[in-house]
J.: 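Just dropping this structure here.
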2 protein chains.
Amino acid sequence: MTEAAVRILLCDDHAVVRAGLLALLGSEPDIEVAGEAGTGEEAVAMAAKLRPDVVLMDLQLGPGIDGVEATRSISATGIHVLVLTTYDTDADIARAIAAGATGYLLKAERPEELFTAIRAAAQGRTTLSPPVASRVMNQMRGAARPTLTARELDILGQLAQGLGNRDIARALFISQATVKTHLGRIYDKLGVDTRAGAVAVAKEQRLLP
Amino acid sequence: MTEAAVRILLCDDHAVVRAGLLALLGSEPDIEVAGEAGTGEEAVAMAAKLRPDVVLMDLQLGPGIDGVEATRSISATGIHVLVLTTYDTDADIARAIAAGATGYLLKAERPEELFTAIRAAAQGRTTLSPPVASRVMNQMRGAARPTLTARELDILGQLAQGLGNRDIARALFISQATVKTHLGRIYDKLGVDTRAGAVAVAKEQRLLP
DNA sequence: CCTCCCGTCAGCCGATCGGCTGATGCGAGG
DNA sequence: CCTCGCATCAGCCGATCGGCTGACGGGAGG
């Protein structure tokens, strides 16, 4: 059987990029561009109206609601959102995934990859650009669900009181050297390198009572 | 017209104190002691049954639920609670007020003051013993509601990312000296002296988005 | 007009931190 | 038995922090 074409909605604040994608996708008979949006608001409205199979979403959208918010709104309606953007920072990736993105491609990706990613996204399957995939894996290794040992949580608790190493050591009846050792491991696991950052992450993920 | 007598419930774990109050209040024709309780549980139960105009509550109640908890339960039913206790520590005062106390008197207070405070409490008006009042004022001036300036919140935001002073300075286009100045003031306002403590307090009171 | 608050900046100094390398003891699990 | 994870400890070093003192300009309000 000949499957129906995948209907997609482009969302990028740069007309040039949209035109480029349009031209690129024109060569694929099974991919049909159902519409284009230049802002997050527009994307949300058009997605609701057109009900495309996939929304190609840039994360940088200028003023108004950003790509992450748009992704959140659209994916909440059951439409697959494939993020196509320039940057691959951990923060961007994490926010996009948390917002419900089905895939995350970099614009530097080869066109063929984009096509297959679109077809995959239409079926709800995930495609990640290699750099993104490796970053996601790294997130998983320790950052996603940092498994702190009981002792490390003890130290973290004292740390969140704003205590210095000496005071933490006294409070837990260990040496300052041990406190430093634990702190180093905590930093590793939480992906930070300062006490302030550790406290921020701890509070964020509610690692402390 | 002759207003009805103010009906009050005494709550103190010392029978001697209750007797003293009873004797003291006996001289006031417009104040009627509707009942006495020796524990927090008793106070809550009797308050629900008797529906007095005012509950005279001691904060120290021995075992079981304490005065603060009793105050919380009773004031939740719309009955005015006038705390009458011996101590005037910031912690006690803050907890009692947070629990919904209408007034806070010290037992060292002159009897006349107690009478007028009871009449005031019956109408929902607040009376505070002078030492308590001044403590409350001090709480207000900076400690209770840490009013951080917009700029201080900027610095705090960066701090919560775990950044060092140099990076914060760069991010906000100011010098490290300025960052340090702001940090010092933030520490003062939040009652801490380390960045980790500042982040903890900030997260705790949701000072950051 | 003068004062107070806010934001900016400087320099100094001791205390603390964070990274690194390396070591010991102990219990669980293969 | 031997390895691995966890907790413990040591010393070194450069970087950073936190406290302190002092200063300046601008805006709000008395």
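By convention in this document, chain letters (A, B, ...) are assigned in the order of the sequence lines, proteins followed by strands, and residues within each chain are numbered from 1.
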J.: Whole-Å distance between C/dC9 C1' and B/His182 NE2?
T.: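 From B/His182 NE2 to C/dC9 C1': 10 Å.
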J.: Starting at CD1 of B/Ile155 and ending at P of C/dC9, how long is that distance when rounded to a whole Å?
T.: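 So the two atoms are 10 Å apart, to the nearest Å.
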J.: Does the side chain of B/Thr178 get closer than 4.0 angstrom to OP1 or OP2 of C/dG7 through an N or O atom?
T.: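 Result: no.
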J.: Which residues pass the side-chain hydrogen bond (donor to acceptor under 3.5 Å, both in side chains) test with B/Thr116, not counting sequence neighbours?
T.: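 Scan of B/Thr116 (side-chain hydrogen bond (donor to acceptor under 3.5 Å, both in side chains), adjacent residues dropped) gives none.
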J.: Look at the side-chain N and O atoms of A/Thr149 and state whether any lies under 4.0 Å from the OP1 or OP2 oxygen of D/dG5.
T.: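 Answer is no, no contact under 4.0 Å.
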J.: Could I get a table of every N or O pair under 3.5 Å where one atom is in the protein and the other is in nucleotides 11-20 of chain C?
T.:
{"unit_1": "C/dT16", "atom_1": "OP1", "unit_2": "A/Arg166", "atom_2": "NH1", "d": "2.7"}
{"unit_1": "C/dT16", "atom_1": "OP1", "unit_2": "A/Arg166", "atom_2": "NH2", "d": "2.9"}
{"unit_1": "C/dT16", "atom_1": "OP2", "unit_2": "A/Arg166", "atom_2": "NH2", "d": "2.3"}
{"unit_1": "C/dC17", "atom_1": "OP1", "unit_2": "A/Asn165", "atom_2": "N", "d": "3.0"}
{"unit_1": "C/dC17", "atom_1": "OP1", "unit_2": "A/Arg195", "atom_2": "NH1", "d": "3.1"}
{"unit_1": "C/dC17", "atom_1": "OP2", "unit_2": "A/Asn165", "atom_2": "N", "d": "3.2"}
{"unit_1": "C/dC17", "atom_1": "OP2", "unit_2": "A/Asn165", "atom_2": "ND2", "d": "3.2"}
{"unit_1": "C/dG18", "atom_1": "OP1", "unit_2": "A/Tyr187", "atom_2": "OH", "d": "3.3"}
{"unit_1": "C/dG18", "atom_1": "OP1", "unit_2": "A/Arg195", "atom_2": "N", "d": "3.0"}
{"unit_1": "C/dG18", "atom_1": "OP2", "unit_2": "A/Tyr187", "atom_2": "OH", "d": "2.6"}
{"unit_1": "C/dG18", "atom_1": "OP2", "unit_2": "A/Arg195", "atom_2": "NE", "d": "3.0"}
{"unit_1": "C/dG18", "atom_1": "N7", "unit_2": "A/Lys180", "atom_2": "NZ", "d": "2.8"}
{"unit_1": "C/dG18", "atom_1": "O6", "unit_2": "A/Lys180", "atom_2": "NZ", "d": "2.6"}
{"unit_1": "C/dG19", "atom_1": "O6", "unit_2": "A/Lys180", "atom_2": "NZ", "d": "2.5"}

J.: Quick check for you: to the nearest 0.5 Å, what is the distance between A/Cys11 atom SG and A/Leu59 atom CG?
T.: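 Reported value, rounded in 0.5 Å steps: 10.0 Å.
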J.: Pairs in or reaching into residues 64-75 of chain B: which pass salt bridge (charged side-chain N to carboxylate O under 4.0 Å, His left out), with residues at least two apart or in two chains?
T.: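 Pairs touching residues 64-75 of chain B that pass the test: B/Asp66-B/Arg95, B/Glu69-B/Arg72.
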J.: Strictly by salt bridge (charged side-chain N to carboxylate O under 4.0 Å, His left out), give each pair with a member in residues 43-52 of chain A just once, sequence neighbours left out.
T.: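 Passing the test, one end in residues 43-52 of chain A: no pairs.
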J.: Are any protein N/O atoms closer than 3.5 Å to N/O atoms in nucleotides 21-27 of chain C? If there are, list each pair with its distance.
T.:
none

J.: Please report, rounded to the nearest Å, how far the C1' atom of C/dC6 is from the CD1 atom of B/Ile186.
T.: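 Answer to the nearest Å: 13 Å.
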J.: Donor-acceptor pair, B/Glu204 side chain versus B/Val201 backbone, under 3.5 Å?
T.: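 Flag not set: sc B/Glu204 to bb B/Val201 has no pair under 3.5 Å.
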J.: Could you work out, with side-chain hydrogen bond (donor to acceptor under 3.5 Å, both in side chains) as the rule, every residue matching B/Asp58, not counting sequence neighbours?
T.: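 For B/Asp58 the side-chain hydrogen bond (donor to acceptor under 3.5 Å, both in side chains) partners, ignoring immediate neighbours, are B/Thr85, B/Lys107.
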J.: Between C/dC9 atom P and B/Ile174 atom CD1, what is the distance in whole Å?
T.: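 From B/Ile174 CD1 to C/dC9 P: 6 Å.
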J.: Can a donor-acceptor pair be found, under 3.5 Å and without considering hydrogens, that links the side chain of B/Ser75 to the backbone of B/His80?
T.: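 Not a single qualifying donor-acceptor pair exists.
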J.: Before you tell me yes or no, could you show the steps for B/Thr178 and B/Ser175 under side chain to side chain donor-acceptor pair (under 3.5 Å), namely the whole-Å CA-CA distance, both residues' side-chain angles and the distance that decides it to 0.1 Å?
T.: CA-CA 5 Å; B/Thr178 304; B/Ser175 80; 3.3 Å; yes
